[in-house]
Each structure stands twice: as C-alpha cells, then as structure tokens.
*Asks:* 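Quick one: this structure, given as structure tokens, is what I'll be asking you about.
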Amino acid sequence: MENVSRSARTKKTAVNVSLYLLMTLVAAVLLFPYAFMVSKSLMTSEEVVDPKIRFLPAAPQLANYLKLFGSGSGYASGLLHTLAIVGFNCVVVPLSASFIAFSFAKLKWTGRNFMFAVMLGTMMLPGVLTQLSLYSIYVKFNWINTLYPFTIPNLFGGGALYIFLIRQFMLGIPRDMDNAAKIDGANAFIRYLKIVLPLCKPVLVYVIVNVFISYWGDYYGPLVYMRASSAPKTMAQVVFESALEENAATYNANIRMCGGVVMSLVPAALFAVFQKQLIEGVVMTGLKD
Amino acid sequence: MNKLSLKIKKTIKNSYTGWLFNLPLAIGLAVFTFVPVVISLYDSFFQYDGLNVRVWAGLGNYARIFTKDRDMNKVVINTLVYTAVSIPINLVASYFLALLVNNTMKGVTAYRVFYYLPCMIPAVAGGLLWADMFDGTYGVFNKILGFFGLGPYRFFRYEDMRALLSVFIMNLWGVGGGMILWISAFKNIGKHYYEAAKLDGANAWHRLVHITVPMSSAMIFYNIITSVIGTLQYNGTLTFGSRNGRGEENALYMYAVKIYYEAFERGKIGYASALAWIMLVVIAVITAVMFKTSSWVFYAEEN
C-alpha cells in the first residue's frame, strides 16, 4: 500500500517536473527574440556585424541609448510627438466615449436604438475604405503633415468599440443610484459627471491603456497622413523608416534595436501593471455577443 | 389633453437631452465615416490622385482590376492563402498552448504572462526585429541554423511561397493572444465534463474534439469571423517586407498593401477606392456565408 502511493507520488513529481521543463522551454522560445533585441541594442557596432553567433555583448553599451536620443537622430522629437498624441487621446477618448455611452445606457430618447445600430454597423467597415477619402478631405482641411488627423477625430467618441464597452459597463450600474440623484434634481450632465463616470473607473482604465498602446504603436496612420520629411514624425514612424534603410542589418543595427526596445518596453510595462484589466478586456471583447 | 401635452413635452425634453449627449457621435460618424464612405464610392469611378481634378473613368477602374492589372493574381492568391492558413494555425497552436498552462501549478500565472508578452510588442518593433533576425547574412536565425549545418535561408526575401511561410513562422510568436481566449473558454466549461471524460479515458485530443470545441463554439465562431475580417485587411508586411511590403517578385504582396501602394505610393486614390470597395463586398459576402453556415455553432444557455 505504502509502496503504491510512493510510486504514484514519484510519478506525479516526474509529470510536474517535465511540465515545468516544457513550459519553461516554450517561454524561452517565445521570449528569445525580445531578449535578443535587448542584447543586440547593447552591442558595439563591431559586435553587430560579427559573423560568429553572438548572443551577448562583451560589455553592455548603455551609451547606445544616449546615441538613440542624441541630436539629429529624430527619435527624440519622434518621442515627443508620440507623447503629445498619446497624452491628448488618453484624456479625450475616455471622456468623449463615456459621454456618448451615457446617452445609450442611462437616457431614454427617440432614435437611441437607431443610433446604436448605426454605430455598431460602422464597426464592420474596413478602415482603409474611409482612410482613402479622409486623406483627400484632410488635404482640404490642411491637416496633412500635422498631428490633427490623430487627435481631432477622437473628440467625437474615439471609436465604436470603446463606446460599446463603456455602455455595457454602465448598464451594470444599479439604476437606484442614478434615480436617487434624479429625484434630488440633478440634471443628466451632473449625473454623468458625478455619479456614473466615477463608477466606470475599471472600464475607463481598460480604455485608456488600450488607447495608449494603439497610438503608441501606430505606424500606419503616419504613413498615410504624414509622408513629408518636414512632418512632425512619431516614434513608431521613425522606427518604421529606420528599418527600411538599405543595409539595415549592418549599419547602426544596434541603435536601431534600441529604438525597438524603447518601443516595446513601454507597452510591456503597461501590461505588467494592468495585466488583469487587459486580459479581462481581451476576453470581454472576444466573448461579447 | 393637458396630461397628453405634458407627456409629449416630457418626451421631447428627454429626447433633447439624449440627442445632446449623442451629438458628438452623430457629428463624428457623419464627418469621419459616412461622408468618406460616400466619397470613396464616388472616387472609385474617377481617375483621381487626391489633390487635383477628378477625371471620369466610369467602370474603368473596376475593369482594370479584373482584367489588366498584372499584380492582382498574385495579390489575391497571397491574401487567400495567408487567411486560410494563418487562422487555423493560430487556433490550433494557441489551443495547445492554453492546454499547457491550464493547470493550477505554482507560478503558472507567470508563464501565462510570458506567453502573452509578445502580443504587447508593437508591430513596428516586431517587424524591425524579425527582419533583422531573418536577415540572409547577418540574421541570428541563419547563424543558429548554420551551426547545425543548415541554411542560409532568405526568409522574407524569397521570391516564392517560402516568404509567406516565414510570416507564418513569425506569427507563432503571437500565439499568446489566442491562448488567453482559450483559457477563458476552458473556465466557462463545467469541470465535471472533463472529469467525466478523464474517467472514461479520453485523452487531450478527445477532450478537445468532444468537449472544448463544441462547448466553446460560440467563441470560436466569433473569433473566426473577426480574424477573417482582420486578416483579409492584413498590412503587416509593410514593417518587414522588402519593396514597400510587397516582397521580392511580389511574394508577400497582399490586398491591403496593394491598396496602400496604389493610393499613397502611386497617388491613385480613385483606383485604390475601387480596390477598397471590392474588399468591402468580399468581406460582406464571406461574413454572410459564414453566418449562413453557422449551424455548427452551439449557444449554451446563459446561467
């Protein structure tokens, strides 16, 4: 009897150990490219072109990061432009999206269902369809090669998905709280600002982090609306253009990797902090309807 | 009478507040969605560069796409192959990854975070990195493979299907996104099903086919729909493919990149608009067909 349980236990330990080994192996494979990017960003320009396999620099060249943001590199101003866009949108999108969501979740009015259906319908449209004519419209607005295309449209809700998510969340807020304020004579705006908005914090955090990540990494928008060399280029755009250079694999490859690391570290850090909300959000957007 | 007019007044007043809150959306949809959609349909019948005068082309743009444009064959084949292959690969690979971390062992949450982390890397940084690692001469992959006497390989720079194959290999690193969805699907399926199946001696494959897939078919269906719509619009090759994302001899050339290239590299907004409208119709048809044939989807009753 004792023997049986011992052999069962040994078997279980063996299974556990092999499971850990397998999980670690998979983690190593999945994380290797990013570890390698960090390592390469710390190499000297000689080490980068060394024909031998080199996984680590002889001595980490932290100065590469100073070079990255040094004068004339474009990364420093790129970072500033990106931060301007991201900062604006992280304030404006949650406010405008929740404002609109409030009208769907907490107010009764003629035309509500119609507007809601129309909004959801636009989610199906391929982005590129509007982008082509927005380009010619922005030419008329004199918005080409400015930051306006990445900021001003967000004053109007910032995307159907965010409005939808916030509305779903607002529907879960008990009606009593809202009604009590109504009886006290609070108008819709006060109820939105003082009662509903503060309760929406969890979903707003999700929206803000997502807005941050999507504008932080957006290279395609600038590629369409900011093609001139005089344009206020974003960080993602500078990284994108640096990858297109001839002999990208050899010349300045270490500095280029620094750009990639900076681009990647910020979302990774956000993920580390807001892991729970983000994963729940992925599941939420993946499972709704 | 008085009561009725009061009621009407109240409805108007309520609607007034509702519309006031909804006004930003109404304006935004009109200016940044509906007007552009209508203009792009209009533009698709013109030769137009986005700046100067429109020249009437009738159905010329559409005719050119279907008959004269020599890139189209390759573009359509690449896009369809990419969509048809990458979605199943992702569904299956992410399923096995989810299975691997679907346990209660110590530290398993950390592993899930590690697996999901590559999904947080912006595409532009990923493109930079993979183009570097896949470089034909200096890339670390060729150095490692060379150690085993293999290669060198040109990966993204092949002129044939091997270029697309390299994209599939690269995409495996983003498999953590699907994993998250599978894990949540597992959680929503009652444990007793799996326990009963285990008692009956069902292995991982049987549990997948007979429990997980049927029980989470609603989620799988939703994900297939959104992935198909997203993948048909894939333009990620811009970040790592040579020749503006088209690849050598158009080996990586896909539909969304074609639209981008025609519109913004060649200044043919009218022609690109026609391409975009065809894409919209194709996506609408595929989505409709998928919904029509969705009888395999099982919607569990809400608890």
Side-chain angles (χ1 to χ4, degrees), chain A residues 16 19 22-23 26-27 30-31 33-34 36-37 49 53 96 99-100 102-103 107-110 112 115 118-119 122 125-126 128-130 132-137 139 153 155-157 188 216-217 219-220 224 236 239-240 243 249-250 253 256 260 263-264 267-268 271 275 279 282-283 286-287, chain B residues 14-15 17-19 21-22 24-25 27-29 32-33 36-37 39-40 43 50-51 100-101 105 111 113-115 117-118 120-125 127-129 131-133 135 137-140 143-144 147 173 180-181 184 219 223 233 235 239 256 259 263-264 269 272-273 276 279-280 283:
Chain A
N16 272 351
L19 249 181
L22 188 58
M23 289 198 298
V26 173
L30 288 184
L31 292 179
Y34 307 101
F36 179 72
M37 175 163 68
V49 290
I53 307 185
S96 66
F99 190 78
I100 294 161
F102 182 82
S103 75
L107 300 173
K108 277 197 183 123
W109 43 287
T110 330
R112 183 177 71 172
M115 283 304 290
V118 169
M119 182 186 82
T122 61
L125 286 174
V128 65
L129 196 67
T130 49
L132 294 169
S133 20
L134 278 177
Y135 174 78
S136 47
I137 291 172
V139 168
L155 289 169
F156 303 94
W216 175 264
Y219 66 94
Y220 188 73
V224 170
V239 170
F240 177 85
T250 50
R256 202 167 289 114
M263 276 306 294
S264 311
F271 176 69
Q275 212 199 100
I279 288 183
V282 170
V283 172
L287 288 178
Chain B
N14 280 346
S15 286
T17 321
W19 277 103
F21 271 78
N22 211 255
L25 179 70
I27 296 173
L29 284 182
F32 298 108
T33 306
V37 165
I39 292 181
S40 78
D43 283 348
L51 306 164
L100 182 64
V101 289
M105 286 159 70
Y111 283 100
V113 170
F114 289 151
Y115 297 168
L117 212 52
M120 297 304 294
I121 307 290
V124 64
L128 172 85
L129 174 61
D132 181 273
M133 291 195 302
D135 188 79
T137 321
Y138 298 96
V140 69
K143 286 183 188 171
I144 295 172
F147 187 75
W173 266 259
I180 300 273
L181 291 171
S184 82
M219 186 216 63
N223 270 295
Q233 301 177 59
N235 62 13
T239 62
I259 295 178
F264 302 108
I269 296 276
S273 299
M279 178 196 254
L280 176 69
I283 288 177

*Asks:* Flag the one option from Leu280(B), Ile269(B), Thr17(B) with the top tally of heavy-atom pairs under 4.5 Å to chain A.
*Replies:*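 Going by pairs under 4.5 Å, I would pick Leu280(B).
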*Asks:* Do Leu19(A) and Leu100(B) come close enough that some side-chain heavy atom pair is under 4.5 Å?
*Replies:*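 Side chain of Leu19(A) against side chain of Leu100(B), heavy atoms only: contact under 4.5 Å found.
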*Asks:* Please rank Gly260(A), Ala236(A), Ala188(A), Pro153(A) by heavy-atom pairs under 4.5 Å with chain B and give me the top one.
*Replies:*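 Answer, by heavy-atom pair count under 4.5 Å with chain B: Pro153(A).
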*Asks:* Which of parallel (below 30°), tilted (30 to 60°) and perpendicular (above 60°) describes Phe21(B) and Phe102(A)?
*Replies:*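 It falls in the tilted class, 30° to 60°.
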*Asks:* When heavy-atom pairs shorter than 4.5 Å are enumerated against chain B, which of Ala268(A), Ser136(A), Gly157(A), Gly217(A) gives the highest number?
*Replies:*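 Counting heavy-atom pairs under 4.5 Å, the top option is Ser136(A).
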*Asks:* Return the option, out of Val140(B), Ile259(B), Ile144(B), with the maximum number of heavy-atom pairs under 4.5 Å with chain A.
*Replies:*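 Highest number of heavy-atom pairs under 4.5 Å: Val140(B).
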*Asks:* If you tally heavy-atom pairs under 4.5 Å against chain A, which of Ala263(B), Pro118(B), Ala123(B) wins?
*Replies:*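 Max contact count across the listed options: Pro118(B).
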*Asks:* Which atom names give the shortest non-hydrogen contact between Ala125(B) and Ser264(A), and what distance separates them?
*Replies:*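 Reported closest heavy-atom pair: CB-OG, 3.5 Å.
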*Asks:* Give the intermediate values and the outcome of side-chain contact (heavy atoms from CB on, under 4.5 Å) for residues Leu30(A) and Phe114(B).
*Replies:* CA-CA 8 Å; Leu30(A) 288 184; Phe114(B) 289 151; over 6 Å; no
*Asks:* Below 4.5 Å, heavy atoms only, C-beta onward: do Pro267(A) and Ile121(B) meet side chain to side chain?
*Replies:*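 Pro267(A) does not reach Ile121(B) side chain to side chain.
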*Asks:* Relative to chain B, which segment of Ser96(A) carries a heavy atom at a distance below 4.5 Å: side chain, backbone, both, or neither?
*Replies:*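 No part of Ser96(A) comes within 4.5 Å of chain B.
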*Asks:* Rounded to the nearest 0.5 Å, what's the gap from CH2 on Trp19(B) to CG on Leu107(A)? Could you check?
*Replies:*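 Spacing of CH2 (Trp19(B)) from CG (Leu107(A)) equals 12.5 Å.
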*Asks:* So for Ile53(A), is it side chain, backbone, both, or neither that comes closer than 4.5 Å to the heavy atoms of chain B?
*Replies:*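 Both backbone and side chain.
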*Asks:* Is the shortest heavy-atom distance from the side chain of Met23(A) to the side chain of Met105(B) under 4.5 Å?
*Replies:*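 Heavy-atom side-chain distance check passes, below 4.5 Å.
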*Asks:* Would you call Leu129(B) and Tyr34(A) a side-chain contact if the rule is heavy atoms closer than 4.5 Å?
*Replies:*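 Yes, close enough: below the 4.5 Å cut-off.
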*Asks:* Is any side-chain heavy atom of Phe271(A) closer than 4.5 Å to a side-chain heavy atom of Val113(B)?
*Replies:*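 Yes - at least one pair of side-chain heavy atoms lies under 4.5 Å apart.
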*Asks:* Measure across Pro24(B) and Leu155(A) and return the closest heavy-atom pair with its distance rounded to 0.1 Å.
*Replies:*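 Heavy-atom minimum between the residues: CB-O, 4.2 Å.
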*Asks:* As an exercise, state the distance from CG of Leu25(B) to CZ of Phe156(A), rounded to the nearest 0.5 Å.
*Replies:*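 Output value for this atom pair is 10.5 Å.
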*Asks:* Does a side-chain heavy-atom distance below 4.5 Å link Ile283(B) with Pro126(A)?
*Replies:*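 Yes - at least one pair of side-chain heavy atoms lies under 4.5 Å apart.
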*Asks:* What is the distance from atom CG of Leu117(B) to atom CD of Gln275(A), rounded to the nearest 0.5 Å?
*Replies:*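 Between Leu117(B) CG and Gln275(A) CD, I get 9.5 Å after rounding to 0.5 Å.
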*Asks:* With rounding to the nearest 0.5 Å, note down the distance linking CD in Gln233(B) to CG in Leu129(A).
*Replies:*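 With rounding to 0.5 Å, CD (Gln233(B)) is 9.5 Å from CG (Leu129(A)).
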*Asks:* Please flag which part of Val139(A) lies under 4.5 Å from any non-hydrogen atom of chain B: side chain, backbone, both or neither.
*Replies:*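 For Val139(A), the contact with chain B is made by the side chain alone.
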*Asks:* Any chance you could measure Leu132(A), atom CG, to Ser40(B), atom OG, to the nearest 0.5 Å?
*Replies:*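 Between atom CG of Leu132(A) and atom OG of Ser40(B) there are 7.0 Å.
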*Asks:* For the pair Ser15(B) (side chain) and Thr110(A) (backbone), establish whether a donor and an acceptor sit closer than 3.5 Å, ignoring hydrogens and angles.
*Replies:*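 Judged by distance alone, yes, a pair lies under 3.5 Å.
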*Asks:* Got a second to check how far Leu128(B)'s CG is from Met37(A)'s CE, nearest 0.5 Å?
*Replies:*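 Result: 7.5 Å between the selected atoms.
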*Asks:* Could you pull out the closest heavy-atom pair between Gly18(B) and Ser103(A), with the gap in Å?
*Replies:*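 Shortest heavy-atom separation between Gly18(B) and Ser103(A) comes out as O-CB, 3.7 Å.
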*Asks:* Let's test your reading of the structure: which of Val239(A), Val118(A), Val224(A) forms the most heavy-atom pairs below 4.5 Å with chain B?
*Replies:*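 Among Val239(A), Val118(A), Val224(A), the one with the most close pairs to chain B is Val224(A).
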*Asks:* What part of Phe264(B) gets closer than 4.5 Å to chain A, counting heavy atoms only: side chain, backbone, both or neither?
*Replies:*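 Both parts, backbone and side chain.
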*Asks:* How far apart are the closest heavy atoms of Ile39(B) and Ser133(A), and which atoms are they?
*Replies:*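 The pair with the smallest heavy-atom distance is CG2-CB, 3.6 Å.
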*Asks:* Please report the closest heavy-atom contact between Tyr138(B) and Val49(A), naming both atoms and the distance.
*Replies:*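 Taking Tyr138(B) first and Val49(A) second, the nearest heavy atoms are CE2-O, 3.8 Å.
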*Asks:* Which atoms of Phe240(A) are under 4.5 Å from chain B, going by heavy atoms: the side chain, the backbone, both sets, or neither?
*Replies:*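 Contact with chain B is through both the backbone and side chain of Phe240(A).
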*Asks:* With a 4.5 Å heavy-atom cut-off, do Asp132(B) and Phe36(A) have their side chains touching?
*Replies:*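 Yes, at least one pair of side-chain atoms sits under 4.5 Å.
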*Asks:* Taking the side chain as C-beta and beyond, is there a heavy-atom pair between Leu134(A) and Phe32(B) under 4.5 Å?
*Replies:*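 A side-chain contact under 4.5 Å exists here.
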